[in-house]
Asks: 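Mind having a look at this structure? Questions to follow.
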Amino acid sequence: MKRIYCLEDWCVNCRRCEVACKTAHSVSHDTVKAYLLEGQTAFSRIHVEGGAELSISVNCRHCDNPRCVEGCISGAMQKDPETGVVFCDQSRCVGCGTCVAMCPYGCVELHVLPGAPGKKGVAFKCDMCGDGKGSFGDPACVAACPSGALIYVDEEPKPEPEPLEEEATEEETAEKEVLA
Amino acid sequence: MLDFTIPRYKVLRDPDLCIKCGVCERSCANEVHHVDMDLHRVVAQHERCVNCQRCVTMCPTGALAITNWPQVGNGTNNWTLQVMQDVEKQAQTGGVILSSMGNPKHYPIYWDHLLLNASQVTNPSIDPLREPMETRVFLGARPARIKVDERSHRVLSELPPHIRLDVPVMFSAMSFGSISLNAQKSLAIAARELGTYFNCGEGGLHSELEGYGSNAVVQVASGRFGVNTHYLQNSAMIEIKIGQGAKPGIGGHLPGEKINAEVSRTRMIPQGTDAISPAPHHDIYSIEDLRQLIFSLKEATLYTKPVAVKVAAVHNVAAIASGIARAGADVIVIDGFRGGTGAAPQRIRDSVGIPIELALAATDQRLRDEGIRNKVSLVVGGSIRSSVDIVRAIALGADACYIGSAALIALGCHQCQACAQGKCNWGIATQRADLTKRLNPKIGAERVVNLIEGWNHEIKEMMGGMGINAIDSLRGNRLMLRGVDLNEKELDILGVKYAGEQ
């Protein structure tokens with residue numbers, strides 16, 4: 001499945017992904033309103049760890065065998081069998097926090113929504129939103145990344161090999177031998 | 001001592017839009033912005049701002065803009081604020097004022113006084129989307145005549161070495177040290193994709209760019225940094241740098257602090273030592289000396305690579321070019337006085353040299369008059385801003401153009417002229433690891449490729465309009481140009497007629 005990966009070589013610690021995530025998960029879908037009016041209800045699900053020299057944007061891995069789903073006592077946390085996206089059905093969440101404790105990446109958070117009964121929190125996590133402002137179908141954080149550090153791809157990226165010199169013609173090889 | 005200077009810029013922050021996310025604070029290497037949690041707002045240290053516009057671009061809500069410091073001048077045209085600032089700065093430091101990028105002063109830009117022709121009725125224009133259109137250029141000397149075996153379609157005479165450009169643009173010399181490795185990589189990748197060349201400058205070719213040797217023009221400058229046999233052989237063309245448009249007659253000085261392990265290895269000098277490029281080549285005091293170096297380099301590469309000589313556009317550039325052609329160079333590069341630099345004394349940058357348009361026209365004409373134009377290709381740089389400037393340059397007699405500033409602008413440069421401070425927020429003119437990673441060569445190369453492809457489309461459109469289907473037919477075709485708002489002398493040097501003249 002397509003997942004969001006962060007390439008730490010290019011993460012510049014600007015945290016625009018956090019702003020974009022919060023905006024995408026606000027009711028208004030407006031950055032200013034999300035911050036000024038929806039501070040209690042709109043939350044970013046992606047967080048940049050580290051500082052200027054080394055930073056990485058961390059969010060849900062949408063694991064094949066998600067521990068959060070395994071630990072969920074109410075059936076709120078689910079993995080979509082078709083898309084593979086791990087999501088939280090907040091109407092069923094009881095705020096026990098097991099998923100928060102079990103997630104190896106720290107990518108689930110509990111937030112208390114205003115007017116919640118018993119002031120219990122509900123779980124918030126990445127839901128792999130799509131159609132951000134960048135290329136078609138990109139999640140909001142990926143679309144907002146200025147340096148291509150966040151990518152939305154099928155396979156986990158491997159370090160790229162150095163480009164090879166174009167194949168030399170016979171003449172050039174002969175020349176090189178002469179030069180040597 | 002009390003600092004008499006006042007800030008140059010002011011950060012305008014729209015409080016209605018600012019969400020205090022801190023993106024601006026983390027984006028600014030000059031430490032202008034600060035999210036003050038006590039005041040619960042973002043504050044700015046305006047005097048540190050260099051107007052690179054990184055924060056303006058990065059701000060998620062568009063809350064930022066940079067403006068001039070609102071201080072009013074005293075009304076004189078002589079002692080303007082800027083002039084007084086320079087005096088105050090020097091009174092305080094006793095130093096030479098350094099600046100970067102190209103000459104920003106209000107000298108005439110002749111490109112903007114040259115208009116192009118188009119076909120109407122009596123000669124057909126060509127639609128580049130329907131008919132083949134050639135923008136390929138070969139650089140190198142042309143023999144006076146060639147022998148061809150017509151039966152086997154083979155050229156019998158031995159041809160001098162050439163390089164092939166699929167687009168009439170190359171990326172001008174910017175050394176590793178003055179720009180980051182990521183910036184060089186972006187240009188190298190773009191050059192390979194476009195079928196053209198980047199120039200590694202005089203700082204040597206970084207080991208990570210070895211694989212791009214066939215798209216590299218390697219430079220031999222007065223400091224001879226990074227020059228060895230492998231460097232010369234792993235290239236497409238060798239360029240001897242005599243001068244640079246932004247600072248003719250001036251050498252270079254990369255301070256020891258910038259010579260880190262990587263730069264030291266590439267330049268082949270000890271870490272932490274100043275890299276000083278002398279003003280002249282100490283072994284070149286005449287055309288004959290230049291000839292020796294040209295042929296040493298040709299000898300070292302077995303006469304397989306063209307050798308270019310780059311000079312700044314100065315008063316007697318045409319005569320110098322004639323000498324260079326006779327010294328055996330295959331390509332002459334002329335850099336105009338608006339060409340960029342990583343660091344130059346401001347007075348030199350702003351006052352030395354001549355406009356490239358006039359230098360080009362004069363040189364091309366002189367080489368033709370002397371019957372040696374075919375012996376060299378002519379490449380010009382320094383203030384090429386768009387595809388139409390390239391078309392004008394080629395019509396004035398250039399074979400191809402070098403672009404530096406335009407390529408950097410494609411990479412993110414906003415011409416703030418603070419390269420010399422080494423804190424480039426766009427990751428271009430810096431070696432700080434946290435800043436260089438802001439320039440991802442993949443994205444950088446894509447942007448540069450987009451730019452040049454766009455330009456190439458435009459060049460084809462303009463040529464088509466003139467009824468020309470190959471860029472070779474446009475070269476030196478000054479009848480395709482008409483001048484406006486130029487005096488007799490200027491028209492004479494440019495070799496163009498006034499608009500309305502038949």
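Bear in mind that the values here come from a model prediction, so they are computed numbers and not experimental data. Lettering of chains follows the sequences in order, A, B, ..., and the numbering in each one begins at 1.
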Asks: Quick one: what part of B:Leu439 sits under 4.5 Å from any heavy atom of chain A, side chain, backbone, both or neither?
Replies: backbone
Asks: Which region of A:Leu7, side chain (C-beta onward) or backbone (N, CA, C, O), has a non-hydrogen atom less than 4.5 Å from a non-hydrogen atom of chain B, or is it both or neither?
Replies: neither
Asks: Any side-chain donor-acceptor pair under 3.5 Å between B:Ser214 and B:Arg192?
Replies: yes
Asks: Need one label for A:Asn13: side chain, backbone, both or neither, based on atoms under 4.5 Å from any heavy atom in chain B.
Replies: both
Asks: Quick one: pull up CG in A:Leu110 and SG in A:Cys99 and give me the separation to the nearest 0.5 Å.
Replies: 6.0 Å
Asks: Considering only heavy atoms, which portion of B:Cys24 lies under 4.5 Å from any heavy atom of chain A: side chain, backbone, both, or neither?
Replies: neither
Asks: So, does A:Thr31 use its side chain to make a donor-acceptor pair with the main chain of A:Thr23 at under 3.5 Å?
Replies: no
Asks: Can you tell me which of B:Arg26, B:Glu25, B:Arg438, B:Arg432 forms the most heavy-atom pairs within a distance under 4.5 Å of chain A?
Replies: B:Arg26
Asks: Between B:Arg136 and B:Asp166, does any NZ, NE, NH1 or NH2 come within less than 4.0 Å of an OD or OE carboxylate oxygen?
Replies: yes
Asks: Between the main-chain N or O of B:Trp426 and the side-chain N or O of B:Arg54, is there a donor-acceptor pair closer than 3.5 Å?
Replies: no
Asks: Can you tell me which portion of B:Thr229 sits under 4.5 Å from chain A's heavy atoms? Options are side chain, backbone, both or neither.
Replies: neither
Asks: Using non-hydrogen atoms and a 4.5 Å limit, figure out which bit of A:Val32 sits close to chain B: side chain, backbone, both or neither.
Replies: both
Asks: Indicate whether the side chain of B:Glu299 and that of B:Tyr303 have a donor and an acceptor atom separated by less than 3.5 Å.
Replies: yes
Asks: Specify which of A:Ala20, A:Ser55, A:Cys11 makes the most heavy-atom pairs with chain B at under 4.5 Å.
Replies: A:Cys11
